[in-house]
Each structure stands twice: as C-alpha cells, then as structure tokens.
There are 2 protein chains.
Amino acid sequence: MRATIQDVAREAGVSVATVSRAMRGMTHVAEDTRRRVLETAQRLGYAPHFGASSLAGGTTGMIGLVAPYFHIWYASQVLTGVEHVLSASSRDLVIFAGDTPENRARFLDRLPSLVTRIDGLILVDFFPNEDELRALRESGLALVAVGEELPGVASISIDNFEGAYRATNHLIDMGHTNIALGGGRQLSLDASPVLALRIDGYRAALEDAGLKPRVEYDLGGLLSSTGGRAAIDELLDLAEPPTAIFFLSDEMAMGGLAQARRRGLHVPSELSVVGFDDHNMAEAAGLTTIRQRVRELGVLAAQRMVAFADQDREGSHELVPVELVVRHTTSGPH
Amino acid sequence: MRATIQDVAREAGVSVATVSRAMRGMTHVAEDTRRRVLETAQRLGYAPHFGASSLAGGTTGMIGLVAPYFHIWYASQVLTGVEHVLSASSRDLVIFAGDTPENRARFLDRLPSLVTRIDGLILVDFFPNEDELRALRESGLALVAVGEELPGVASISIDNFEGAYRATNHLIDMGHTNIALGGGRQLSLDASPVLALRIDGYRAALEDAGLKPRVEYDLGGLLSSTGGRAAIDELLDLAEPPTAIFFLSDEMAMGGLAQARRRGLHVPSELSVVGFDDHNMAEAAGLTTIRQRVRELGVLAAQRMVAFADQDREGSHELVPVELVVRHTTSGPH
DNA sequence: TGCGCCGTTGTAAACGTTTTCAGTCGAGGG
DNA sequence: CCCTCGACTGAAAACGTTTACAACGGCGCA
C-alpha cells in the first residue's frame, strides 16, 4: 500500500540505513547518493511512518500546549504565536484544555502517557499547586510556562505589576485621587498569580502617591464584560463614587464603558477608564489601556521550547515589557 | 526505564496479548484477570507507548484541525467546541494554521506524512480549490468541513444566507429602504463562499421587498473593526447616505459603530446598524446582530469525526440555524 | 462417556523505523 | 608497497505494541 523505507531502499539500490540517513539530512552520505534517494522517495510518494519513527527514535516532534480555554482572547493569541514558531521549525502542536477541574485532573492523570506522545509541554496560565507541579516535573517533559513564574521551570510572562502600576499612575498623573479597581474583589488570588500582581501594582502606585486604597473601591468579580457592567452598577451606588476606574482586563473595561454610558455617565469627563490587554476591540472602543504583546509571549515560549532540543534546559524567567496606550477614555477629574 | 507491556505481563503472570486486551477493554478477558492486569499496570505506572501502538495498530487517536487563524473569534470558538468533544472521547487534537499561502502549501505538501500522524482532519474555513480538494481526498484521511459545503465531504456550516436575509429583512421591516452592506466590496468571493452566501442573502431580501441593491452602497473591505471604520467614512461621503447598514461581521460592525458615534452620527436614530456573529463583545456594545452558534459548529464537527470511527462515512451537509438578536442599534428611519 | 463448542489465554509474526557496529574502498603517508 | 585513516555503506538488532492463529480447558448435550 503505502511506500515504506524498504521500497525506497530497493528502488534506489541502497540499504534502508542509507535512506534513513539521507532523508534526515544526516552526515556520512555521498551527495549523489542522497540525491538519488530523495528523488526516489519523491517518486514513490514516500513519507516516514510517524509511529515507527517515534518508536525507534524516541522522539515525536510534537509539542503540547495546555491552556484553560482557547476561546478567550489571551489564550488564542498565545496559541497563534506558538503555532507560528513551531510550524516554521516543522514541529506539530497538540492542544489540551484544562478548563474544568475534572479536565485538569484528567490531563494530569494522562501525563505519563503523554511522554511518548509529545516532546515538550507549554503551560499557559496553568497555575499548578505543589502536587501538580511535582507531577509535571516527574513526567520528564521539557516544560515552558507562559504567564507565570514557576520555580525551576523556564517561564515567560508580561510585567503585570508594572502594567498595573503604570495604568494607575496615569490616572494619578491626571489628577485623580479616588481610583477604583474593576475586578479587585477576587475570590481566590492563589488561583491567579497574574491578577495578584496586577492588584499589587495598583496598590503600589496608590501608595507611592500617598493615596490609600479603599476597600469599597474594589468592584465587581469576573473579568468579562458582564463583570464590567456589574462593577459600574456597584460604583454608582457608592456614597463617594470614584472619578476613575482601572479595570483588570479590557473585556471588563469595555463592558463597564458601555454600561457607564448607558447609565448616563459621560466618559471621560465624569469617569476615566483604563483597561489592561489591548484587546483587538480596544482601539475601536477608544479605550486607554495597557498593551501586552501576548502573541510575542507565545513566540518566545515556542522558541524556548525549540532551544530545549539543543540541550539548553535552564529554568530562567523572562519578562516581556508592557506599554501604556492612551486613547480617549481618560482625562482629568471633573 | 519506563515500564513496558512486557513488565506488566510478567508481573501479573499473564501474556502480553492478555495485557493488551485487558488495557483496551476488549472482550475475551476474564473479569478477575482484567482486574489483576489493571492493578498491576497502575502499580508499575505503565502507559502504552504511543509510537508502538500506532505502528502496530495503525491508528493514533489524534485528530487534526486546520484553520486560517486561531486568534480570530470565529476559529477559536470552533476550536473550543471541537476540543471539548474530542477530549471527552479521549482523542487528542493537533492543529495547523493555514494563514499565509506558503503555510497552506506547506500543509498540503505534508498531507501524505500526516496520514500516519492523525486519523482524521477537520477543515475550518479552508476553501480548497479543485487540486487541493483532490489532494485532501487522496490522502485517505477522514474529512469533516466546517463553514462550507464540500462535495462528497461531511460538512457543517451555519445558514449564512438565511442569517443575512433576516438581518436585512429586520431593517426593511423597520421601514428602511436605503440599506448599505458593510463589507460588500470583496476582492474575491471565490476565496470565501461564506461571504458570498451572506451577500446573496442581503440581495435576496432587498429584491423580495422590491428594493434594488445599489453599487455605491457596497462599503468597505476587510471584516475587521478597521474595515468598519472605513465603511462609515465612505458612507458619510455619499450624496444620498443610507439610513441603515448591515455589516458582514460584528467586529466590523463594532468598528463602524464607534466611528459613526465619533463622527457625530447618532445610532440608532440617524443610522441603524446590524452585525453578524454575536461576538462576545456584541452584547456589551448593545449591537443588534445575527447569532451564529459557532461553538456548536465545532461540537458537531467533532461528533461527526468520532462517528467516522464507527464506519459511518457519508458526505452529507448539515446546516445550523441562526437567530436574530435585537438589541439597541436598530430603529425606524428618521 | 465422548464430542463439539465457547470462553479464555498464549505464541509469534508483523508493523517501519533508527542506530550500532562492522565492513569496504580509496587516498595518502611512511 | 603496505598501513592507516576516513568517508561511505550495509546488516541486523532493537523499539513496544497489536492481532491472527493456535491451544487449552470446562461444560452441555447426545
């Protein structure tokens, strides 16, 4: 049926060993032998059997990527960056979603079986606890973490603290003193070090300016547009409403923006709004925000993974800088 | 190093054949033998070697998915739907991006080598030409197409014609007669049957209402927020500007919405706007739109693929219905 | 009691590579 | 002219499964 390496060898008048070497561009093959082999392979439509290679060679050329979701803006951006680099180095990408706790557990259970399936694993916003981290380490897979710092694991993230600090500082610079935090009331920060860092950045900026964070200025929950709407509703109920709000994500900010306008609040004259992400709808919305180059995160992660193949396996941490993009949702108070 | 099936067999006091049968839940294994084998496997931390299984068994349990991009809303939604179903049936998902022509060509070249790597392939908005379709067919892979109808291939898409028809009709019902089409000026409709269908739906609705489509009402190019902005700029330059506009995508509509407001046009009193997608920011924007249940597209595609494993390989076409969601961007003219 | 059948198990032959090791052949140096 | 060395090539042993086929035992039925 399918042509095998045997067929190519016979047809080209060489041994299978030579075909194998020639196909993979290895040394110790005479130039015209290689040419003959390649041409024969082409003619027979030969392509190496994946399972056979992986069995004999011990490697698959596949990289895994696990993320909580793929339909959220952040993860899909990372995915694209990773895919680009990987496909250019002719590796394949297999993806796993760890959205629900069950999925997550199932994924971790499968870890031992993944070892023969992929050469390395990219973790996107995975936030493993101690047991999970140990399981990952013991798998022996090459690991790269995106979005968080993991001890002993090569990791890459954007500078969340700095981003939040700058966003808040931008509002302070414009004269605001009553600055709320959209998404500040998180159920569990252990589950999301990323948000913890952003919240820290917000607080640090306030403190450095001699301002006190107020509990009642921590608004809304989820970082979605629905969460943003809820945050604005809360804000309007406050005795002393803030004049500015820093949302922990753009989706949330855009939801908040729409709700503020719907409830008759003019932005930016009555309320300044800053987001975080530079979501691709943020420009259309005119939203002032912190740009995080998420796709680059994916690119760097994949490059790191590719470098692993060349035995460069250190667990350093890389920080991608962020940038403040001022659009039309911020101004001075009143 | 790693435990093999041999180790399990020896330890459990049975043959490798029995272990293989027991592990895969096959018949012809006594219940207590199975229990003993499973327990031994568990104890030794045994997991089958992927390459070996695939070599001997001829199947990999991996499904491929190729899409133009993954960071656009539509594709990432499909991806999530597919992933859900596949992971529940313990299959893995490997993804390929066919964004640039080079990537696309490279992907098609690799097709023969993919056969030993994946069991089936899901095409998302792939729009193959005749040669490409033949290459796909000859690969012998199980194929499912999402977003377009492919002769002889199981395919699933939403009802684009109907959606556009309803969107346009909604505007007609409200009394509009001058209705523009945002994104109507496409460079090549051959490349995107999806858009062609939407445009047909728009035209059909006009004609059924006795209205004539006007060339100058085909506005803007790309279906992005930038494209939407351009469309509004064009619209404002027209001698007899339309009172309503149907955008071929929500991103475009939201870009247009923001630009219209920025240029002092009140929505909906001066301009009605309808989109297409029900993007997850559409609700926040209050955008009237056509809801396409994209995630369900992915779910159906994956289910179809799983059914293929049970030899149900017919090339029928399935149409997922759409729904008009009326929000706050449409009203009667003037 | 003998026979056939069925459920369970084992033996061994694939499956198609990669890689080690040994071998050949020609060139160059002593 | 012999020896060594290096570039190239081939033979054959893994790699760890799946699966056809054979074998075995017990049970029901005649």
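Letters go in sequence order (proteins before strands), and every chain restarts at 1. These figures come from a predicted structure and were not determined experimentally.
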Short side-chain to backbone donor-acceptor contact, [X] and [Y], under 3.5 Å:
X	Y	result
Gln77(B)	Val294(B)	no
Asp119(A)	Thr60(A)	yes
Arg2(B)	Ala47(B)	yes

Residue pairs involving residues 35-47 of chain A (criterion side-chain hydrogen bond (donor to acceptor under 3.5 Å, both in side chains); sequence neighbours excluded):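 Counting only pairs at least two positions apart or across chains, no side-chain hydrogen bond (donor to acceptor under 3.5 Å, both in side chains) contact touches residues 35-47 of chain A.
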Sequence neighbours excluded, every pair satisfying side-chain hydrogen bond (donor to acceptor under 3.5 Å, both in side chains) that has a member inside residues 132-141 of chain B: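 Checked against side-chain hydrogen bond (donor to acceptor under 3.5 Å, both in side chains) - neighbours excluded - the pairs reaching residues 132-141 of chain B are Arg104(B)-Glu132(B), Asp131(B)-Arg134(B).
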Can you tell me how far apart [atom1] ([X]) and [atom2] ([Y]) are? Round to the nearest 0.5 Å.
X	Y	atom1	atom2	result
Leu297(A)	Ser157(A)	CG	OG	7.0 Å
Arg106(A)	Ser90(B)	CZ	OG	8.0 Å
Asp92(A)	Ile118(A)	CG	CD1	12.5 Å

With a 4.0 Å heavy-atom cut-off, tell me which residues in [range] come close to DNA chain D, sorted by residue number.
range	answer
residues 8-22 of chain B	Ala17(B), Ser20(B)
residues 31-52 of chain B	Tyr46(B), Ala47(B), Pro48(B), His49(B), Ala52(B)
residues 57-64 of chain B	Gly57(B)

When you check the side-chain N and O atoms of Arg24(A) and Ser20(A), is any donor under 3.5 Å from an acceptor?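 Ser20(A) and Arg24(A) do have a side-chain donor-acceptor pair below 3.5 Å.
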Using a distance-only test with no angle check, is there a side-chain donor-acceptor pair under 3.5 angstrom linking Ser316(B) and Arg304(B)?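 Present: a donor and an acceptor within the cut-off.
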For DNA chain D, which nucleotides open and close the run of contacts to chain B, 5' to 3', at under 4.0 angstrom from a non-hydrogen atom?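 Footprint of chain B along DNA chain D, 5' to 3': dG16(D) to dT19(D).
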Can you give me the closest heavy-atom contact between Ile156(B) and His317(B), atom names plus distance?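 Nearest pair, atom of Ile156(B) first, then His317(B): N-ND1, 4.2 Å.
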With side chains defined as the heavy atoms from C-beta onward, is the minimum distance between Leu111(B) and Leu108(B) less than 4.5 Å?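 A side-chain contact under 4.5 Å exists here.
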So do Val194(A) and Ile158(A) actually touch side chain to side chain, heavy atoms under 4.5 Å?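 Heavy-atom side-chain distance check fails, nothing below 4.5 Å.
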Please tell me which of Met26(A) and Val29(B) maps to the more 5' nucleotide of DNA chain C, matching each residue to the nucleotide holding its nearest heavy atom.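 That would be Val29(B).
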Donor-acceptor contacts, no H, no angles, side chain residues 65-73 of chain B, under 3.5 Å, sequence neighbours left out:
from	atom 1	to	atom 2	distance (Å)
His71(B)	ND1	Thr80(A)	OG1	3.1

Expected rows: protein N/O vs nucleotides 23-26 of chain C N/O, under 3.5 Å:
none

Of all residues at least two apart in sequence or in a different chain, which pass the ring-ring contact (aromatic ring centres under 6.0 Å, His included) check with Tyr74(A)?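 Partners of Tyr74(A) by the ring-ring contact (aromatic ring centres under 6.0 Å, His included) criterion come out as none, since no residue qualifies.
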Quick one: ring-ring contact (aromatic ring centres under 6.0 Å, His included) partners of His49(B), sequence neighbours excluded?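 Expected list: none.
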Rounding to 10°, can you tell me the angle the first-five-pair axis of the helix from dT1(C)-dA30(D) to dG30(C)-dC1(D) makes with its last-five-pair axis?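 Rounded value for the end-axis angle: 50°.
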Can you measure His28(A) atom NE2 to dC21(C) atom C1' for me and round it to whole angstrom units?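 Answer to the nearest Å: 13 Å.
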Starting at CG of Leu55(A) and ending at P of dT18(C), how long is that distance when rounded to a whole Å?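 In whole Å, dT18(C) P and Leu55(A) CG are 11 Å from each other.
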In sequence, state the C-alpha distance, the side-chain angles, and the governing distance for Leu300(B) and Val320(B), and then conclude on side chain to side chain contact (heavy atoms under 4.5 Å, CB included). CA-CA 9 Å; Leu300(B) 288 173; Val320(B) 174; 3.6 Å; yes
Compile the donor-acceptor pairs under 3.5 Å between side chains in residues 142-154 of chain B and protein atoms, sequence neighbours left out, one pair per line.
from	atom 1	to	atom 2	distance (Å)
Glu148(B)	OE1	Phe127(B)	N	3.2
Glu148(B)	OE2	Phe126(B)	N	3.2
Glu148(B)	OE2	Phe127(B)	N	3.0

